[in-house]
There are 2 protein chains.
Amino acid sequence: MTTNEFLPAAAPVARLIQELHKLPGVGTKTAQRLTYYLVRMPEEEARALAQAIIAVKERIILCSQCQNLTETDPCPICTDPARDQTAICVLEEPLDVLALERTRCYKGLYHVLHGVISPINGIGVEELKIRELLVRLKGDTVQEIVLATNPNLEGEATAMYVHRLVSPLVPRVTRLARGLPVGGDLEYADQVTLTRAFQGRNEM
Amino acid sequence: MTTNEFLPAAAPVARLIQELHKLPGVGTKTAQRLTYYLVRMPEEEARALAQAIIAVKERIILCSQCQNLTETDPCPICTDPARDQTAICVLEEPLDVLALERTRCYKGLYHVLHGVISPINGIGVEELKIRELLVRLKGDTVQEIVLATNPNLEGEATAMYVHRLVSPLVPRVTRLARGLPVGGDLEYADQVTLTRAFQGRNEM
């Protein structure tokens, strides 16, 4: 997209369209729609959005322990005495921490890899926060690593790689269960999921 | 969405998710995705976006003549001596000006109504910039009004309303042609469009 395309628009309008267009999933039309929405928005709301963007850049750092996004280092989860210090759940993204926290079923610590091994996208082992995970396994505190990368090709490959590295250091390495999604339909389940569900069947 | 939902996220992260969630078409998931994208974005790019939002609020005003968004009043189109001062094209939104300018087929002036008559959404005649249009028709300069509101129910109703008001003041009031979209398929055209295309058929 060139600026030219929006030349009849006033310069600040064209610039905002261009900036919004850089965001993932925001095409030209969406960028235009959002821009005109922002133009009509009450001034204080638009300012709140702009300030929230700046605040995130100024105040958010990575926790030196779990590598999650945080304002304080170590982060509130890592310093929470109520959390089980003997378990670390390994995840791809900070969003995955939110997803798991919402389940309220896990009270241990986290470790965010910030990606998965993906040769196609040029993401190798060094780009991930794996070294930082191994540092945390020194000493005998951690008793279980839960590998919770996504159940797709890259997530599985990353889980297998991390498993090989951590299994000599931790008594127990587990992986999230694969199976039929709750509310799903056997008839529409793909073959691999159904196979996994069958193989992982439990006593009732 | 409550802040609670993102409590495990650092406060600036949760706040940015909430602010983005207010934008049209941005659901919770999209707001999260955009937020984490912004967190990872280079600082200067994120700042450029924040500043573009503020610039739009600080520097954009409505042109006192055509009511389009502009930095200077009157706007560059209204003050352009190369434009045909005898024609005014009446549109719903500033985006429509961009769309028409891209066609390069019209060299007259514009008038942005900023909406359409829509009783369901509580938008009446007073909310639109119709009075401002009538002011521009004093004197004998304007020879043609092109009504270019959208070809849907509300757009048609608005066009008819404006037509009734301006027809005593202007020699010629026209409406954009309705018909088959270029590249379209007769077989898949809806009945109303096909009827309009048939009624509006031209000599070859």
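Every chain is numbered from 1 and lettered A, B, ... according to where its sequence line falls, protein lines coming before strand lines. Quick note: numbers below take in every heavy atom, side chains included, and nothing from hydrogens, waters or symmetry partners.
Residues A:Leu16 and B:Ala52 come closest through the heavy atom pair CD1-CB, 3.7 Å. Closest approach of A:Arg102 and B:Lys29 over heavy atoms only: NH2-NZ, 4.5 Å. Taking both residues in full, the closest heavy atoms of A:Ala46 and B:Ile53 are given as O-CG2, 3.6 Å, listed atom of the first, atom of the second, then distance.
If you measure heavy-atom distances from B:Leu34 to chain A, the contacts under 4.5 Å come from the side chain alone. Within the 4.5 angstrom heavy-atom criterion, atoms from both the backbone and the side chain of B:Leu49 approach chain A. Heavy atoms of B:Pro24 lying under 4.5 Å from chain A belong to its backbone as well as its side chain. Proximity to chain B (any heavy atom under 4.5 Å) is shown, for A:Leu95, by both the backbone and the side chain.
Using a cutoff of 4.0 Å between basic side-chain nitrogens and carboxylate oxygens, A:Arg40 and B:Glu93 are scored as salt-bridged. The residues B:Glu58 and A:Arg47 are annotated as salt-bridged, a charged nitrogen and a carboxylate oxygen being separated by less than 4.0 angstrom.
The stretch residues 170-183 of chain B places none of its residues near chain A, where near means some heavy atom under 4.5 Å from a heavy atom of that chain.
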Please step through side chain to side chain contact (heavy atoms under 4.5 Å, CB included) for the pair A:Leu98 and B:Tyr36, ending with a clear verdict.
CA-CA 12 Å; A:Leu98 295 188; B:Tyr36 284 101; 3.9 Å; yes
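Of all the listed residues (B:Pro76, B:Ala48, B:Cys75), the one sharing the greatest number of non-hydrogen pairs under 4.5 Å with chain A is B:Ala48. Between chain B and the residues A:Thr35, A:Leu38, A:Thr70, A:Thr72, the most heavy-atom pairs under 4.5 angstrom are made by A:Leu38. Heavy-atom pairs under 4.5 Å with chain B peak, among A:Leu20, A:Ile60, A:Thr30, at A:Ile60. Heavy-atom pairs under 4.5 Å with chain A peak, among B:Lys22, B:Glu43, B:Gln51, at B:Glu43.
Counting heavy atoms of neighbouring residues, nucleotides and ligands inside a 6.0 Å radius, atom CD of B:Gln191 does not exceed 12 of them. Within a 6.0 Å radius of CG in B:Asp140, other residues, nucleotides and ligands contribute 12 heavy atoms or fewer.
Taking the side chain as every heavy atom from C-beta outward, B:Met41 and A:Lys57 approach each other to under 4.5 Å.
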